[in-house]
Amino acid sequence: MGFNATGNIAHASTSAAQENVLEWVKKDKRRMLHVVYRVGDLDRTIKFYTECLGMKLLRRRDIPEERYTNAFLGYGPEDSHFVIELTYNYGVDKYDIGAGFGHFGIAVEDVTKTVDLIKAKGGKVTREPGPVKGGSTVIAFIEDPDGYKFELLERGPTPEPLCQVMLRVGDLDRSINFYEKAFGMELLRKRDNPEYKYTIAMMGYGPEDKNAVLELTYNYGVSEYDKGNGYAQVETFPFFSFPRNPS
Ligand SMILES: C[C@@H](O)C(=O)SC[C@H](NC(=O)CC[C@H](N)C(=O)O)C(=O)NCC(=O)O
Ligand SMILES: [Zn+2]
């Protein structure tokens with residue numbers, strides 16, 4: 001291989017190494033592990049998620065020396081399910097969720113029944129059940145006690161009810177490329193909605209109906225979002241975390 005300078009040789013080995021890494025990350029058996037975000041009252045959120053959304057409290061860990069407590073909730077054990085990792089920082093009761101974070105998706109078999117239960121428990125419904133605009137899937141939107149949005153999607157039984165993390169991005173192709181190259185994710189679906197001036201791309205490690213996916217939303221002409229300080233990151237296994245989007 002005819003290279004005339006260490007730099008070029010380094011360049012060659014670097015590009016070979018880069019090629020290997022890009023191949024490795026695609027073959028590495030990964031999955032979405034948990035999504036991390038901050039809440040102002042752990043017990044209030046745990047009560048809402050368990051009583052209204054049917055989640056289980058999986059574990060709690062207090063780190064007094066760092067002045068924070070975590071609670072893990074989900075629809076099954078952490079070694080086989082995508083779960084939520086809540087963070088409570090001592091003395092902090094409110095966060096700015098920002099506009100970069102969109103929603104979590106929860107697949108339920110009956111959206112209307114779930115909404116009725118949430119209403120009965122005093123939960124906030126921001127979009128009544130009905131077909132998604134421009135589509136046929138029955139959805140609804142609710143807000144948790146901190147204002148984090150949850151989209152309820154009507155689906156049959158699924159091994160992964162916690163099925164989406166929606167983030168808004170300023171450049172869809174840049175983000176798709178980032179998650180493909182840095183995380184070995186696959187572009188599962190891309191849908192343009194010209195009528196409503198947005199495009200979504202579903203990224204993940206397996207089909208949407210059986211795996212948690214990252215739903216990237218591009219709103220026409222919007223290249224930046226206020227990120228706030230509530231949403232933290234999604235972590236994959238083997239461990240790697242991606243905070244907010246690269247945009
Ligand atoms: C595929 C499903 O999981 C969705 O989340 S699509 C829901 C749809 N999304 C958007 O409109 C995205 C663009 C929006 N401007 C944004 O930035 O959130 C949605 O929210 N539809 C509303 C409805 O009432 O159907
Ligand atoms: Zn969604």
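Whatever order the structure lists ligands and atoms in, that order sets their numbers, starting from 1. Bear in mind that the values here come from a model prediction, so they are computed numbers and not experimental data. Because only heavy atoms are used, hydrogens play no part in the values below, and waters and symmetry mates are left out as well, while side chains stay in.
- Residues Y37 and Y95 keep their aromatic ring centres 6.0 Å or farther apart.
- Remark: ligand 1 atoms within the under-4.0 Å shell around heavy atoms of E151 are 2 (C), 3 (O), 4 (C), 5 (O), 7 (C).
- Donor-acceptor pairing under 3.5 Å is recorded for the side chains of D192 and Y220.
- For the Zn ion (ligand 2), the nearest N, O or S atom contributed by E215 is named OE1.
- Counting heavy atoms closer than 4.0 Å to ligand 1, residue K197 contributes nothing at all.
- Taking a cut-off of under 4.0 Å to the non-hydrogen atoms of T217, the atoms of ligand 1 that pass are 12 (C), 13 (C).
- Distances below 4.0 Å separate heavy atoms of I200 from the following atoms of ligand 1: 1 (C).
- In terms of polar-atom proximity, K133 is counted as a contact of ligand 1, with an N or O under 3.5 Å from an N or O of the ligand.
- Interface of M202 with ligand 1, defined as ligand atoms under 4.0 Å from a residue heavy atom, comprises 1 (C).
- Classified by interplanar angle (parallel below 30°, tilted 30° to 60°, perpendicular above 60°), the ring pair F101/Y231 is parallel.
- Coordination check, Q164 versus the Zn ion (ligand 2): passed, since an N/O/S atom of the residue sits under 2.8 Å.
- The N, O or S atom of E151 lying closest to the Zn ion (ligand 2) is OE1.
- In summary, the atoms of ligand 1 found under 4.0 Å from a heavy atom of L153, numbered by their order in the structure, are 3 (O).
- Nearest-residue assignment for atom 17 (O) of ligand 1 (options E215, E128, R168; heavy-atom criterion): R168.
- When ring centroids are compared, F150 and Y49 come within the 6.0 Å threshold.
- Residue contact check: H103 has heavy atoms under 4.0 Å from atoms 5 (O) of ligand 1.
- Less than 6.0 angstrom separates the ring centroid of F141 from the ring centroid of H103.
- Of all atoms in ligand 1, listed by their number and element, those nearer than 4.0 Å to a heavy atom of R127 are 23 (C), 24 (O), 25 (O).
- The closest donor-acceptor contact from the side chain of N193 to the backbone of Y196 lies at 3.5 Å or more, if one exists at all.
- Every atom of ligand 1 is numbered from 1 in the order shown, and the set under 4.0 Å from a heavy atom of M166 is 18 (O).
- Between H34 and F72, the ring centre distance stays below 6.0 Å.
- Side-chain contact between F82 and L33: absent, with no pair of heavy atoms (C-beta onward) separated by less than 4.5 Å.
- In this structure, the protein non-hydrogen atom closest to atom 11 (O) of ligand 1 is Y198 CE2, 3.2 Å.
- For atom 14 (C) of ligand 1, the nearest protein heavy atom (residue, atom name, distance) is N219 OD1, 3.6 Å.
- Checked by atom type, the side-chain pair D209/T158 shows no donor-acceptor distance below 3.5 Å.
- Proximity of Y196 to ligand 1, defined as any heavy-atom pair under 4.0 Å, is not found for any part of the residue.
- Panel note: side chain R38, backbone N89; no donor-acceptor pair is recorded below 3.5 Å.
- Using modelled atom types, one finds no donor on one side chain facing an acceptor on the other under 3.5 Å when comparing D93 with Y88.
- Closest protein heavy atom to atom 21 (N) of ligand 1: V132 CG2, 4.0 Å.
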